[in-house]
Amino acid sequence: MKTKTIYRVEDVVAYILVRQTKKPCEAMKIQKLCYYAQAWYLTRYGVPLFAHDFEAWRSGPVSPSLYKYHAGMIDFPADKLLKMAEPDALSQEDKAFIDKMLAVYGRYTGLQLLWIAKAQTPWKETRKAYTTGKADNRRISEQCLIEYYSQFLHTK
C-alpha cells in the first residue's frame, strides 16, 4: 500500500464545500462532515485525513482548528476559505473516498448530524468526563474512533 498524504484541513473543507450543492453551508454541518471524513479515513487507512483533532463539545464533535474560521457564524465562510485552500491538492482516490462519505452524510443538516454523532460511542464516551461539571473540552482519541467505526467497516 502506498503512503497516504495527510492534508491540510482547509483543503478537505474546500473540497467538501465544492461538492455540496446547497450554498451556503452551515458551519455545524461542515464540522460534522469533517468529523465523519476523519473518522472513516482513520478507520479505513489507519492514518488521519488531516492533522487536526476533534473534541467532544456540547455541540458534538468539533475541531478547534476549524472552529476558528466560523466562530460566531451560522454559515461557514466559504469565500474566505476557498481563496486560501486547494481542493485539488487531494488525490483522486481521496476525493472518491470523501464523495462516498458525502453520499451517506451529505443529505443531513448540521443539526441532524449533531444528533447522530452525539448518539455514537466516541462522543458519548469522551463526554462522560463531564459528569464532574468541568467545562473543559476533551479530545476524541483516534483509537476510540477506529475501534467504534471499524465494527461497521466491511472490507473485501
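The model shown is predicted, which means the values in this text are computed figures rather than measured ones. Position 1 is the first residue of the sequence, and the numbers go up from there.
In this structure, L111 and W115 have side chains that are in contact, with non-hydrogen atoms separated by less than 4.5 Å. For the pair R19 and I16, the minimum side-chain heavy-atom distance is 4.5 Å or more. Residues H52 and L66 form no side-chain contact, since every pair of their non-hydrogen atoms from C-beta on lies 4.5 Å or further apart. Contact check for T5 versus S91: no side-chain heavy atoms found under the 4.5 Å cut-off. At a threshold of 4.5 Å between non-hydrogen side-chain atoms, the residues R127 and R58 count as touching. Contact of the V62 side chain with the F54 side chain is not registered, since no non-hydrogen atoms from C-beta on lie closer than 4.5 Å. No side-chain heavy atom of V104 sits less than 4.5 Å from a side-chain heavy atom of Y36.
Under the 4.5 Å side-chain contact rule for hydrophobic residues, L33 and Y149 share a cluster. I98 and L17 fall within a single hydrophobic cluster, where Ile, Leu, Val, Met, Phe, Trp and Tyr are joined by side-chain heavy atoms under 4.5 Å apart, directly or via other members. When the side chains of ILVMFWY residues are joined at heavy-atom separations under 4.5 Å, either directly or via intervening members, M73 and L82 end up in two distinct hydrophobic clusters.
For Y148, the ring-ring contact (aromatic ring centres under 6.0 Å, His included) criterion is met by F152, not counting sequence neighbours. Under the rule for a ring-ring contact (aromatic ring centres under 6.0 Å, His included), the partners of Y67 that lie at least two apart in sequence or sit in another chain are W57, H70.
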| said: Using the rule given for side-chain contact (heavy atoms from CB on, under 4.5 Å), can you reason through E93 versus K4, listing the C-alpha separation, both sets of side-chain angles and the distance that settles it, and then say yes or no? | reply: CA-CA 10 Å; E93 179 184 10; K4 292 300 218 177; 3.2 Å; yes
| query | Which is it for K118 and K124 under the side-chain contact (heavy atoms from CB on, under 4.5 Å) test, yes or no, and what are the steps along the way? | reply | CA-CA 6 Å; K118 286 175 81 168; K124 288 191 323 188; 5.9 Å; no
| Should E10 and Y69 be marked as a side-chain contact (heavy atoms from CB on, under 4.5 Å) after you check the CA-CA gap, both sets of side-chain angles, and the distance that decides it? | CA-CA 10 Å; E10 293 86 358; Y69 288 102; 2.5 Å; yes
| request: Begin from the C-alpha positions of S63 and D53 and carry the test side-chain contact (heavy atoms from CB on, under 4.5 Å) through to its verdict. | output: CA-CA 6 Å; S63 166; D53 293 326; over 6 Å; no
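With hydrogens and angles ignored, the 3.5 Å screen pairs no side-chain donor or acceptor of R139 with any backbone N or O of E55. Between the K29 side chain and the L113 main chain, no donor and acceptor come within less than 3.5 Å of each other. In this structure, E125 contributes its side chain and P122 its backbone to no donor-acceptor pair below 3.5 Å. Judged by distance alone, with hydrogens and angles left aside, the side-chain atoms of D11 form no donor-acceptor pair with the main-chain N or O of A85 at under 3.5 Å. Distance alone, capped at 3.5 Å, is enough to place a donor-acceptor pair between the Q38 side chain and the F50 backbone.
Taking all atoms of both residues into account, the shortest heavy-atom contact from T126 to R138 is CG2-O, 3.5 Å. Contact between D88 and K95 at its shortest, heavy atoms only, is OD1-NZ, 2.9 Å. Considering all non-hydrogen atoms of both residues, A37 and L49 come closest at CB-CD2, 3.9 Å. Here the closest heavy-atom approach between residue P48 and residue L42 is recorded as N-CD2, 3.6 Å. Nearest heavy-atom pair across L81 and A14 is CD2-N, 3.7 Å. Scanning both residues, M84 and R8, for their nearest heavy atoms gives O-NH2, 3.1 Å.
Ring-plane geometry between Y41 and F97 is classed as perpendicular, the angle between the planes exceeding 60 degrees on a 0 to 90 degree scale with a lower cut at 30.
For the side-chain hydrogen bond (donor to acceptor under 3.5 Å, both in side chains) criterion with W40, the lone passing option out of Y105, Y35, Y45 is Y105.
Within the structure, no pair that satisfies the salt bridge (charged side-chain N to carboxylate O under 4.0 Å, His left out) test touches residues 65-85, not counting sequence neighbours.
Between atom CD1 of residue I74 and atom CD of residue E26 there is a gap of 9.0 Å, rounded to the nearest 0.5 Å.
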